[in-house]
There are 2 protein chains.
Amino acid sequence: MTALQDRSNYPITVDSVIFGYAEGALQVALIERERDPFKGMWAIPGGFMEGDETVEETAHRELKEETGLESIYLEQFHVCSSHGRDPRGRTITVAFFALIDSDKYHMVASQDALQAKWWPAYKLPPLAFHQDEIYQKALQALRIAVKTRPIAFELLPKFFTLTQLQILFEQLFGIAIDKRNFRRKVAKMEFIVATDKKQEGEKHRPATLYYYDQKRYKEFYNI
Amino acid sequence: MTALQDRSNYPITVDSVIFGYAEGALQVALIERERDPFKGMWAIPGGFMEGDETVEETAHRELKEETGLESIYLEQFHVCSSHGRDPRGRTITVAFFALIDSDKYHMVASQDALQAKWWPAYKLPPLAFHQDEIYQKALQALRIAVKTRPIAFELLPKFFTLTQLQILFEQLFGIAIDKRNFRRKVAKMEFIVATDKKQEGEKHRPATLYYYDQKRYKEFYNI
DNA sequence: GCAAAAGTGTTCCCAGTACACCCATGT
DNA sequence: ACATGGGTGTACTGGGAACACTTTTGC
């Protein structure tokens, strides 16, 4: 038919490193493999690109199939075309990271029909398909993305406390942040807006809830 | 044979946005298309992935075929799988940027058998295959990469003057930099090393030549 | 001696950092 | 009352930004 069909064609897989944040720790969702290769090991969720999907569509579809979630923040960060990762044959893998709101998807309760389980981001088991390198790249890409764009909020519920935000950054970058300095800095960011709501159900002084206002973000940076 | 062959397979192309730096301006190498589609338009050089190459191998091979250069700095930055870019059929495109040393590849002289021509990075013609968006992403990726890693030197000859380095940064980020502040900052970076050589053949006071020392860079940042 | 770019110091300001105590709530 | 995390101010320091003149070379 066309000249394009004379060329080499390749199967493409899309893997998504799903990040969440719960109980004061950054978490990653992994799937336990039920069959060989790598039966019993844990792996980054993913699947084959099919038909006339774009890679973004594949990522969203797989994410919905595996977590039930839609409208999730997804960002591609790497293509891996090295040999020998899948013993069944060669694939080209496009890797994404996904950020999900712990409010919408309850994580640590993981008696799931989905075989998916949350793991603390800094204590993962060995991964199938030699995905450890991809995971490290995902972490790096996430850190750069969080510094560059206002996407940390994708990991938080719509209304969050400043302590939640602070601990999230501490987790992401593996550092300790001074509370007063952090709050002074946040106070200058007019797109992180205080509400008159308070956290409820805690056994201490209730914290003020904040939200991220995208419109103010754009005004703030003249976008 | 294997389960993988039941899946959808896709032709993959690799495009490389080639950046150079000459005559005080950031430059981009484009190819004039000799046939339809988009005959007569300019395009980012690229080609099909073949056989059991990795995408990196494809990028290096294409770059060698089109410029004759080997050992070029290449970095992937995006996958484009949208429809309708190539009217001949659907392809999945992995985009790289390449950085080349203007000393090795003489740019502005472009009476080339290769149909390749250098264009000022901020005055490109409209691009074939709707590659304008990919080019914008390449510029962004280059800026982030230059801020993150010591790769600006890939665009310069081995020995360069501080004014060359300064103008390169001004070009990359579209800003004006104060000469004294810039030099003070460079002086603190022990991996940018002064030689006792001087620039020759200029009609003014000759500038000291510097070089980038990777070993000192790693020591400097404890890598 | 003139044109052209190389090279050089000081001041100011803001952002980052270090640091300790009182407050509001639940039990 | 006590335990727990929420919330606040000040002083120091280092890096970025603004700014103008002398020096060395080729012609």
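In what follows, chains carry the letters A, B, and so on, assigned in the order in which the sequence lines appear, proteins first and then strands, with residues in each chain numbered from 1.
With a 6.0 Å cutoff to the six-membered ring centre and a 45° limit on the axis angle, B:K197 counts as a cation-pi contact of B:F159. Note that A:K117 lies in the cation-pi zone of A:W119, set by a 6.0 Å cut-off to the ring centre and a 45° limit from the axis.
Separating the CZ atom of B:F182 from the P atom of D:dG15 is a distance of 17 Å, rounded to the nearest angstrom. Put simply, CG on A:L165 is 13 Å from P on D:dG6, counting in whole angstrom units.
Checking the phosphate oxygens (OP1, OP2) of D:dG6, no side-chain nitrogen or oxygen of A:T208 falls inside 4.0 Å. Taking 4.0 angstrom as the limit, B:R205 places none of its side-chain polar atoms (N or O) nearer than this to OP1 or OP2 of C:dA4.
Taking the centre of each ring, A:F160 and A:F153 come in below the 6.0 Å mark.
A:T163 comes within contact range of the sugar-phosphate backbone alone, with a heavy-atom separation under 4.0 Å but no base atom that close.
Judged by closest nucleotide on DNA chain C, A:K179 is the one of A:K203 and A:K179 placed further toward the 5' end.
Comparing D:dT25, C:dA6, C:dA24 by their closest approach to the side chain of B:P206 singles out D:dT25.
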(request) Report, as a single string ordered 5' to 3', how protein heavy atoms within less than 4.0 Å touch nucleotides 10-18 of chain C: B base, S sugar-phosphate only, - not at all. (result) B-----SBB

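A donor-acceptor contact under 3.5 angstrom links the side chains of A:Y73 and A:E75, judged on distance only.
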